[in-house]
**Student:** 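Just passing along the structure, written as structure tokens.
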Amino acid sequence: MKQQLHNKLQKQALKDEKIRQMEVSGAEAVIQSLTERGFSVKGEFLENRVSLAFTLSNGKIITLQVDYTSLTIGYENIIKLITQLDK
């Protein structure tokens with residue numbers, strides 16, 4: 001019984017790690033895309049979200065913390081927000 005529980009916990013930990021790797025991979029792709037579009041951005045991968053530090057044309061740094069799902073789904077909204085702030 002104890003061994004079964006241990007095995008289930010190991011399997012869940014592996015699933016969680018795989019999901020985390022996929023989230024980070026997706027976030028890296030978004031950051032690369034933003035960079036290619038001309039944004040100056042650095043990302044920090046936190047446990048449940050990504051911290052994005054955008055450097056605006058006037059030198060100010062704007063930091064957004066976005067969960068991984070919102071980063072990939074709300075990509076265009078992030079671009080609109082940073083573009084507006086950079087005016």
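Bear in mind the structure is a predicted one, so any value in this text is a computation, not a measurement.
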**Student:** Hey, is the main chain of Ser57 close enough, under 3.5 Å, to the side chain of Asp86 for a donor-acceptor pair?
**Tutor:**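 Judged by distance alone, yes, a pair lies under 3.5 Å.
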**Student:** Surrounding CD of Glu76 (heavy atoms of other residues, nucleotides or ligands, distance under 6.0 Å), is the total greater than 12?
**Tutor:**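 Atom CD in Glu76 is crowded, with more than 12 foreign heavy atoms closer than 6.0 Å.
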**Student:** How far does CG of Asn7 sit from NZ of Lys11, to the nearest 0.5 angstrom?
**Tutor:**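 Rounded to the nearest 0.5 Å, the CG-NZ separation comes to 7.0 Å.
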**Student:** Taking atom OG1 of Thr72 and atom CE of Met22, what is their separation to the nearest 0.5 Å?
**Tutor:**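 Taking OG1 in Thr72 and CE in Met22, the distance rounds to 10.5 Å.
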**Student:** Is Glu23 close to Ile19 at the side-chain level, that is, under 4.5 Å between some pair of heavy atoms?
**Tutor:**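 They are in contact (side-chain heavy atoms under 4.5 Å apart), so the answer is yes.
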**Student:** Taking ILVMFWY side chains as joined if any heavy atoms are under 4.5 angstrom apart, and letting links pass through other members, which residues group with Val24?
**Tutor:**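 Direct or chained contacts put Val24 with Val30, Ile31, Leu34, Phe39, Val41, Phe45, Val50, Leu52, Phe54, Leu56, Ile62, Leu64, Val66, Tyr68, Leu71, Tyr75, Ile78, Ile79, Leu81, Ile82, Leu85.
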**Student:** Report the C-alpha separation of Gln32 and Glu28 in whole Å, then their side-chain angles, then the decisive distance to 0.1 Å, and conclude whether the side chain to side chain donor-acceptor pair (under 3.5 Å) test is met.
**Tutor:** CA-CA 6 Å; Gln32 180 64 36; Glu28 287 173 338; over 6 Å; no
**Student:** What's the spacing between Asp16 CG and Gln21 CD if we round to 0.5 Å?
**Tutor:**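 It is 11.5 Å, given to the nearest 0.5 Å.
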**Student:** What's the separation between atom NZ in Lys42 and atom CD1 in Ile61, rounded to the nearest 0.5 Å?
**Tutor:**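 Reported value, rounded in 0.5 Å steps: 7.5 Å.
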**Student:** Taking all non-hydrogen atoms of both residues, which atom of Gln65 and which atom of Arg49 are closest, and how far apart?
**Tutor:**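 Where Gln65 meets Arg49 most closely, the heavy atoms are OE1-CD, 3.2 Å.
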